[in-house]
Amino acid sequence: MGEVLIVMGLNILDKLIEYAIIDIFEDTKLKILGFPYKCKFVKRREQDSFYIKDAVLNFTMMTQKNKIVHFEFKKEYFYNDIYKFLVYSSFLIYENKYDYELVLVYPHRSRKIVKNMAFTSLRFFYTDVYLDCFNGDKILMRLSAKASKKKKFTDEEYLILSLTPYMYSKREKITLILEGLRVANDLNTKKKHSIIIIILVLAECFLDESDMYKIKKEVKMYKIGKMIFEEGIKSASSDVEREISGKMIQKGKN
C-alpha cells in the first residue's frame with residue numbers, strides 16, 4: 001500500500017481491512033453495488049495467487065441463497081484481468097460447489113466491457129458498477145447534516161459514506177475524501193474506524209504523494225490514526241487484536 005498505511009506492516013493492515021469489510025459490508029443491503037440483498041463475508045482474495053493490475057480492494061461474500069459474489073474495486077479496466085478472474089472463479093466454484101458472480105466496481109465508466117465468456121464447460125458472468133453516477137457532494141452534505149443532528153445512520157449509509165472516494169465531485173478529489181473522513185470520525189459509532197480504513201484504502205488510487213501526506217496529517221488526529229502512526233506497530237497490533245478479536249472469534253464459531 002502507499003505511505004498512509006504502509007507503516008502498519010502487512011499483517012496489521014490485512015487484519016484492519018478484513019475487519020472493516022466485515023463491519024461495513026456484511027449483513028448490509030448492497031443496493032449501491034447492484035445487490036438488494038445481504039451477504040456474509042467469506043474471505044479476501046489471496047494476493048499471491050495472481051497479479052491484478054490496479055486492484056484496490058477485493059473480497060468474497062456469500063448471499064443467503066448460497067451464491068458466491070466476488071467484489072473487485074479497481075481503478076481502471078484491463079481486459080486481460082478478466083481471464084485471471086475466470087481462473088479464480090473456477091477455483092471458488094470447484095471448492096464451494098455454488099453459483100458464482102463477479103462484481104467489478106470502478107470509479108468511472110470504462111469503455112465497453114464484455115459481459116460474459118466461456119471456458120470449457122464454465123460460463124462466466126459479471127456485473128460492472130460505476131460509482132461516479134452518485135453525487136458525492138450531495139451525499140456528503142446530507143450525511144454531514146444528519147451527523148450534526150446526532151441522528152443514527154443506517155447500515156447502508158455507513159457503507160455509502162465509506163465509498164465516497166469513488167463518487168463524483170465537482171471539487172478536488174482530496175476535498176471530498178477529507179470531508180468524508182471528518183464526517184466518519186465525528187460519528188458516535190464503533191463503525192467509524194472501519195469507514196475510515198476503507199476510505200483510506202480507496203483514496204490511495206486517486207491521490208499523489210503530497211495529497212496522501214495531507215491525509216496522513218488529518219488521520220493522525222483521530223483515535224485510530226494515533227494508534228497507527230504514533231503508538232507504533234507493536235501497540236497498534238495489540239489494540240487491533242483487542243478490537244477485532246470478539247467479532248472474528250464469533251465469525252469462527254459460525
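Taking each heavy atom of Tyr19 and Ser194 in turn, the nearest pair found is CE2-OG, 3.4 Å. Smallest separation of non-hydrogen atoms from Ile198 and Ile21: CD1-N, 4.5 Å. Looking at every heavy atom in both residues, Ile196 comes nearest to Ala184 through CG1-CB, 4.0 Å. Residues Glu179 and Leu140 come closest through the heavy atom pair CB-CD1, 3.8 Å. Among all heavy-atom pairs drawn from Ile139 and Met167, the shortest one is CD1-SD, 3.6 Å. Asp132 and Pro107 make their closest contact through CB-O, 2.8 Å (heavy atoms, listed as atom of the first residue, atom of the second, distance).
Taking 4.5 Å as the limit, some side-chain heavy atom of Cys39 sits within range of a side-chain heavy atom of Leu30. Two residues are said to be in side-chain contact when any heavy atoms from C-beta on lie closer than 4.5 Å; Ile68 and Val42 fail this criterion. Using a 4.5 Å cut-off on side-chain heavy atoms (C-beta onward), Asp155 and Lys191 make contact. Between Lys150 and Asn188, the closest side-chain pair of non-hydrogen atoms is not below 4.5 Å. Between Leu187 and Ile195, some side-chain heavy-atom pair lies under the 4.5 Å cut-off. Between Ile177 and Asp211, the closest side-chain pair of non-hydrogen atoms is not below 4.5 Å. Residues Ile160 and Phe153 fail the side-chain proximity criterion, which asks for heavy atoms closer than 4.5 Å.
Within the 3.5 Å criterion, the main-chain N or O of Tyr106 finds no donor-acceptor partner in the side chain of Lys74.
Heavy atoms from other residues, nucleotides or ligands lying under 6.0 Å from CD of Glu172 number 12 at most. Asp208 CG: more than 12 foreign heavy atoms inside a 6.0 Å radius.
Note: the hydrophobic cluster containing Leu176 does not contain Tyr168 (ILVMFWY, side chain heavy atoms under 4.5 Å, direct or indirect links).
The list of salt bridge (Lys or Arg N to Asp or Glu O under 4.0 Å) pairs with a residue in residues 27-37, not counting sequence neighbours, reads Asp27-Lys40.
In this structure, the ring-ring contact (aromatic ring centres under 6.0 Å, His included) partners of Tyr37, at least two apart in sequence or on a different chain, are Phe35.
With respect to Asp137 and Arg171, a salt bridge is recorded, a charged nitrogen being found less than 4.0 Å from a carboxylate O.
Checked options Phe41, Tyr158, Phe59; the residue passing with Phe25 is Phe59 (criterion: ring-ring contact (aromatic ring centres under 6.0 Å, His included)).
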